[in-house]
2 protein chains.
Amino acid sequence: MKNRPKEASIEKLADLYKIFGDATRIRIMYALMPGEMCVQDIADSLNMTQSAISHQLRILKTSCLVKSRREGKAIIYSLADTHVSTILSQGLDHVEE
Amino acid sequence: MKNRPKEASIEKLADLYKIFGDATRIRIMYALMPGEMCVQDIADSLNMTQSAISHQLRILKTSCLVKSRREGKAIIYSLADTHVSTILSQGLDHVEE
DNA sequence: GACAAATATGTTCATGTGTTCATCTAAGGG
DNA sequence: CCCTTAGATGAACACATGAACATATTTGTC
């Protein structure tokens, strides 16, 4: 059990969890687990508007939880690293007890 | 990589992370890591009002992240299980890269 | 029982947050 | 070029959230 982290780390930590603290964003991340997807496909799969998804994707990207690349007209999103799935399944363990 | 969880689990997961998504609550949990503490001591250690801490403790307790017992006039709080520290250090890993 | 100490709770207020709607930008096809 | 398609962005609005303040509750002491 480590010491209490620095104030800066605590703020960062809270901010990180804030990102995970929204069902839409979690759904997006789970949608991206099997593989990359474009915005409209995510929207369709979650039954939400393109705009709503785009807004959330921006938040996820700013926090480096997803990354994107352009392919013609479409922009393809994918999970940024394996940490994301790790954190999610960690939380799921706690929830599903 | 598992299947997408049920809707109910996703909501619960988001709610769980929402709890972790506040610096005050994280500070409280870190304060409780070394061992149990009464409300006023937590408040002093974090330089916050007793009321603010009590409100947050109630949220943490409702989510089963801390537990409490009475000892005379005081109520002593402690972390509910080891999952809490696990989740916190997991997030810290991601943050401190 | 009156009182003090330790917490809990209710209310209020300012601030954040997520979605929608309308609009804007970028890329490809004719 | 003009138009269509795919996303991004900005403003507005409704709703949630955290802290402060005052007050209530519970317990121990005299």
Side-chain angles (χ1 to χ4, degrees), chain A residues 7 10-32 35-80, chain B residues 7 10-32 35-80:
Chain A
E7 263 311 299
I10 291 196
E11 291 293 344
K12 275 194 219 165
L13 195 48
D15 287 342
L16 174 68
Y17 285 125
K18 234 172 270 183
I19 307 292
F20 282 86
D22 177 78
T24 299
R25 285 191 288 269
I26 294 191
R27 286 191 201 100
I28 293 178
M29 291 187 271
Y30 271 110
L32 292 178
E36 50 183 19
M37 265 197 179
C38 73
V39 179
Q40 188 59 55
D41 283 357
I42 300 175
D44 290 345
S45 116
L46 303 188
N47 251 306
M48 294 186 62
T49 66
Q50 173 268 323
S51 176
I53 300 299
S54 182
H55 277 294
Q56 297 306 334
L57 281 172
R58 190 164 68 88
I59 294 175
L60 288 169
K61 190 172 181 186
T62 303
S63 314
C64 298
L65 297 175
V66 305
K67 60 191 177 193
S68 66
R69 66 169 224 273
R70 179 176 282 277
E71 192 174 292
K73 277 179 287 190
I75 299 205
I76 319 276
Y77 281 87
S78 54
L79 297 181
Chain B
E7 262 312 298
I10 291 196
E11 291 292 345
K12 276 193 220 164
L13 196 48
D15 287 342
L16 174 69
Y17 285 125
K18 234 172 270 183
I19 307 292
F20 282 87
D22 177 79
T24 299
R25 286 191 288 269
I26 293 190
R27 286 190 201 100
I28 293 178
M29 291 187 271
Y30 271 111
L32 292 178
E36 50 184 18
M37 266 196 179
C38 72
V39 180
Q40 189 58 55
D41 283 356
I42 300 175
D44 290 346
S45 116
L46 302 189
N47 250 305
M48 294 188 61
T49 67
Q50 173 269 323
S51 175
I53 299 300
S54 182
H55 276 292
Q56 297 305 334
L57 281 172
R58 190 164 71 87
I59 294 175
L60 289 169
K61 189 173 181 185
T62 304
S63 314
C64 299
L65 297 176
V66 305
K67 59 190 177 196
S68 66
R69 64 170 225 274
R70 179 175 282 279
E71 193 175 291
K73 276 177 289 189
I75 299 204
I76 318 276
Y77 281 87
S78 53
L79 296 182

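Note on naming: letters A, B, ... go to the chains in the order of the sequence lines (proteins, then strands), and numbering restarts at 1 for each one.
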> About how many Å separate OG1 of B/T24 and CG of B/L60, when rounded to the nearest 0.5 Å?
Replying inline: 10.0 Å
> Is a donor-acceptor pair below 3.5 Å formed from side chain A/S51 to base C/dC21, judging by atom type as modelled?
Replying inline: yes
>> Can you see if the side chain of B/Y77 gets near the phosphate of C/dA6 - specifically, an N or O under 4.0 Å from OP1 or OP2?
In response: no
>> Just verifying a value: how many Å separate B/E7 CD and A/R27 CZ, rounded to the nearest 0.5 Å?
In response: 4.0 Å
>> Going by the rule ring-ring contact (aromatic ring centres under 6.0 Å, His included), which residues pair with B/F20 if we only count those two or more places apart in sequence or in a different chain?
In response: A/Y17
Anything under 3.5 Å between a protein N or O and an N or O of nucleotides 11-18 of chain C, put it in a table, one pair a line.
{"from": "C/dG18", "atom 1": "OP1", "to": "A/R25", "atom 2": "NH1", "distance (Å)": "3.1"}
{"from": "C/dG18", "atom 1": "OP1", "to": "A/R25", "atom 2": "NH2", "distance (Å)": "2.7"}
{"from": "C/dG18", "atom 1": "OP2", "to": "A/R25", "atom 2": "NH1", "distance (Å)": "3.4"}

>> With a 4.0 Å cut-off on N to O distance, would you call A/E11 and A/K18 a salt bridge?
In response: no
> Nearest heavy-atom pair of A/A80 and A/C64: which atoms, and what distance?
Replying inline: CB-O, 3.1 Å
> What nucleic acid atoms does B/Q50 come within less than 4.0 Å of, heavy atoms only: base, sugar-phosphate, or nothing?
Replying inline: base
> Looking at B/I75 and B/S68, what are the two nearest heavy atoms and their distance?
Replying inline: CG2-CB, 3.8 Å
> Is the side chain of A/R70 donor-acceptor paired with the backbone N or O of A/G72 at a distance under 3.5 Å, no angle test?
Replying inline: yes
> Going 5' to 3' on DNA chain D, which nucleotide is the first and which the last to come under 4.0 Å of a heavy atom in chain A?
Replying inline: D/dT5 to D/dG10
>> Just so I know, are the side chains of A/L46 and A/Y30 near enough to count as touching, which here means a heavy-atom distance under 4.5 Å?
In response: no
> Quick one, which residues of residues 60-76 of chain B touch DNA chain D with a heavy atom under 4.0 Å?
Replying inline: B/R70, B/G72, B/K73
> Residues in salt bridge (charged side-chain N to carboxylate O under 4.0 Å, His left out) with A/D41, at least two apart?
Replying inline: none
> Which residue pairs pass the salt bridge (Lys or Arg N to Asp or Glu O under 4.0 Å) test with at least one member in residues 46-69 of chain A, sequence neighbours excluded?
Replying inline: A/E36-A/R69, A/R69-A/E71
